[in-house]
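First up is the structure itself, then whatever we jot down about it.
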Amino acid sequence: MIAAADGEEAWRLLQENGADIVVSDVEMPLMDGFALTQAIRGSKRFADVPVILVTTLASDADKLRGFRPAPAPIS
């Protein structure tokens, strides 16, 4: 397990170390969990890595945002 203090650090560590699964809070500094998930889904290398988002956000809009399709993969 590798822990990160914020979303930008998580993205950097994922690129450096890879992962079998990502568990992330939604509310983080610098890059939130939604943006981190978009980066993961938009990456050719990590697009298939399972992501679990943990949050206290409960609105329907927040729930749907977690399922938003990613942009086309980038390298």
Tightest non-hydrogen contact, residues Leu14 and Ala19, listed as CD1-CB, 3.5 Å

Residue set satisfying side-chain contact (heavy atoms from CB on, under 4.5 Å) with Val51, at least two apart, ordered chain then number -> Val22, Thr37, Ile40, Arg41, Leu53

Residues passing the side-chain contact (heavy atoms from CB on, under 4.5 Å) test with Leu13, sequence neighbours excluded, are Ile2, Ala4, Glu9, Glu16, Asn17

Met31 meets the side-chain contact (heavy atoms from CB on, under 4.5 Å) criterion, sequence neighbours left out, with Glu8, Trp11, Ala35, Leu36

Worksheet entry | Ile21 vs Ile52 side-chain heavy atoms within contact, under 4.5 Å | yes

